Amino acid sequence: MKIRIWLLVIASFYIQNSLVAQGPPITGDKAIMLAQGNVVLKTLTEFRKTDAGNFLKIPIMGHYILNNKMLVGVHLPFVNSTFTEIGKEEFSSFDLGDIELLGKYQFYRKDQMGKTFRVAAKTLQTLPTGKSYGIDGIQTKLYQSYIGIIAGYESIKYGISNELGYNIVPNSKVLGELRYKLGFGLPLLKQVYPVKQINLFFEYDSHWFIQADQYLLQYAQGIQYAIKRLTMEAAVQLPLIQTQKVNRREVSVYIGSRYVF
Amino acid sequence: MKNIMFILLALSLGFTANAQTKKDRDNYEIQVDGLGCAFCAFGLEKRFKEFKRIKNIEIDLETGIFTFTYPATEPLTLEQVSNQVENAGYTAVTTKISRWDGKEESLVGKKPDVEEELEVIEN
């Protein structure tokens, strides 16, 4: 009974505050670019626990907005890997991970008062600069080329982000995958400008490794605090479905921040 | 006594100068579509700060009303303002300028680059 009451309190809190804006998704991506010349420095540290071991990925990401439709970026990850497989000696290393180059181009925009719908093409080129540990999304030492489309709707009431794309890995017979991300953002504070927000995010992340015929669906619950040019965020991601036999995920925890110059 | 007179004179000159400063600025009001988040408003403000002498910037996210003032000695045109909104990645629905001398100008149109959709009204 008490749980029901709390759920009602939380639900009413959402409803009361559902007329305000929210920030960018945490584990997903967005189609809206800021103004030309903006530089965004961000990091989103991921701690991932799997049946093969624990991994800590600390990326330093820099995004530059070329104009109101184009963005380029570079992601420089540092990875601490600790393999703890049963029957094997524990092994740990700290290395530079696979560097990523990002490009986005917004090709559709529909604006209305207090809301916008945008669609952007995205590419992410992963360079084989890390170790060949074969941990997807952490480090693989494999060249990867991702091409996708992001569609995002943002209003002063809520935000929805979608991303669909395919990741080509020429030198792997298992890591090529179709990705789909779906995220919902809800604000907890009344909107003000300059920015001062607390937002909740509900994000789904699915990976279909087509060649290996394996599937992974994850859910992330996130919270974000933004004040002026600084945003801080955290999320916990849990696997809902996973058919992989190895490197099965148990939990991922994300902590990050971003600053707009 | 001379000192008091001097202070009063200086103060009155200061007030006059201040009043003159306010009087010499044009007021701009733009209805902007697409401001779905406060971060969007940040992008808009940053783009307009390219106009170096811009002041009194205010953005209301619920109504999309964006206001600022700019020196009348370097007046911005309706097209300049509307195009700057477009350059920031948003849509200017209406642009109004209240000049310091009481004259008003307005521009209605979502796509400033399309001539036939523009309607410039000068009072």
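Throughout, a chain's letter reflects where its sequence line sits, starting with A, and its residues are numbered from 1. Computation of the quantities below employed the complete heavy-atom set of this structure, encompassing side-chain atoms and omitting hydrogens, waters and symmetry-equivalent molecules. As the structure is a computational prediction, the values presented were derived from the model and not from experiment.
In this model, no donor atom of one side chain and acceptor atom of the other lie less than 3.5 Å apart for D98(A) and Q139(A). When only modelled atom types and interatomic distance are considered, Q112(A) and D33(B) share no side-chain donor-acceptor pair under 3.5 Å.
Counting heavy-atom pairs under 4.5 Å between each of R229(A), K228(A), M33(A) and chain B puts R229(A) at the top. Between chain A and the residues E50(B), K46(B), Q31(B), the most heavy-atom pairs under 4.5 angstrom are made by K46(B).
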Exercise. L76(B) and I97(B): side chain to side chain contact (heavy atoms under 4.5 Å, CB included), yes or no, with the steps?
Worked result: CA-CA 9 Å; L76(B) 301 172; I97(B) 305 175; 5.6 Å; no
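Within the 4.5 angstrom heavy-atom criterion, no atom of E58(B) approaches chain A. Heavy-atom distances place the backbone of L35(B), and not its side chain, under 4.5 Å from chain A.
For the pair R109(A) and F117(A), the cation-pi test (distance below 6.0 Å, angle within 45°) is failed.
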